[in-house]
A.B. asks: 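The structure is given below, and queries will be raised subsequently.
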Amino acid sequence: VLMNLIYSGLWFYGYNELATMTIKKTNAVTQSVANTAKRVIVIVGVAIVMGESLDPLKLIGCGVGIGGVFLYSVIDDLVKKAKK
């Protein structure tokens, strides 16, 4: 139990360090969008690994998350091109 606690703490520390470095190199919105994409990937991945069915409501939620990430990246590219 103690080793699991230590490993979990180190993993979470590394995750927070990576998140901080990401925000410094990009911005908070980009990190938030990446976090949303990560959640969708984790939900789908766990459902596949565990053999759990993806109900239509879950699929709609994942679709909204993926669609939002895609729209953000397209709009972000358009804004960057417009500034140049």
Side-chain angles (χ1 to χ4, degrees):
V1 174
L2 181 61
M3 289 308 292
N4 283 341
L5 182 65
I6 291 170
Y7 289 143
S8 294
L10 289 173
W11 186 259
F12 191 69
Y13 172 77
Y15 172 77
N16 280 332
E17 280 293 319
L18 184 62
T20 302
M21 290 188 316
T22 302
I23 289 173
K24 286 180 182 176
K25 292 196 181 276
T26 59
N27 61 37
V29 176
T30 302
Q31 202 273 341
S32 177
V33 170
N35 193 28
T36 301
K38 177 196 71 160
R39 289 178 187 194
V40 171
I41 291 167
V42 167
I43 289 169
V44 173
V46 167
I48 290 170
V49 169
M50 302 289 256
E52 191 176 304
S53 67
L54 288 172
D55 299 340
L57 189 58
K58 290 179 187 176
L59 289 173
I60 291 170
C62 289
V64 167
I66 292 168
V69 169
F70 175 74
L71 284 175
Y72 172 79
S73 64
V74 168
I75 291 171
D76 192 40
D77 285 343
L78 292 173
V79 169
K80 285 179 183 176
K81 287 178 185 176
K83 286 184 178 180
K84 289 182 179 181

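Every value quoted in this text rests on a predicted model; they were computed, and no experiment measured them.
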A.B. asks: Should we say atom CG of L57 is surrounded by more than 12 heavy atoms from elsewhere, each under 6.0 Å from it?
C.D. replies: no
A.B. asks: If two hydrophobic side chains count as joined below 4.5 Å and joins carry through other members, does L2 share a cluster with L10?
C.D. replies: yes
A.B. asks: With the side chain counted from C-beta on, respond yes when V1 and L5 share a heavy-atom pair under 4.5 Å apart, and no when they do not.
C.D. replies: no
A.B. asks: Rounded to the nearest 0.5 Å, how far apart are CD of E17 and OG1 of T20?
C.D. replies: 6.0 Å
A.B. asks: Hey, does I6 have a side-chain heavy atom less than 4.5 Å from the side chain of M3?
C.D. replies: yes
A.B. asks: Kindly give the heavy-atom pair with the smallest separation between G65 and V40, and that separation in Å.
C.D. replies: CA-CG2, 4.0 Å
A.B. asks: Transitively linked via ILVMFWY side-chain contacts under 4.5 Å: I66 with V69?
C.D. replies: no
A.B. asks: Nearest 0.5 angstrom please: N16 CG to W11 CH2, how far?
C.D. replies: 12.5 Å
A.B. asks: Quick check for you: to the nearest 0.5 Å, what is the distance between I43 atom CD1 and I48 atom CD1?
C.D. replies: 12.0 Å
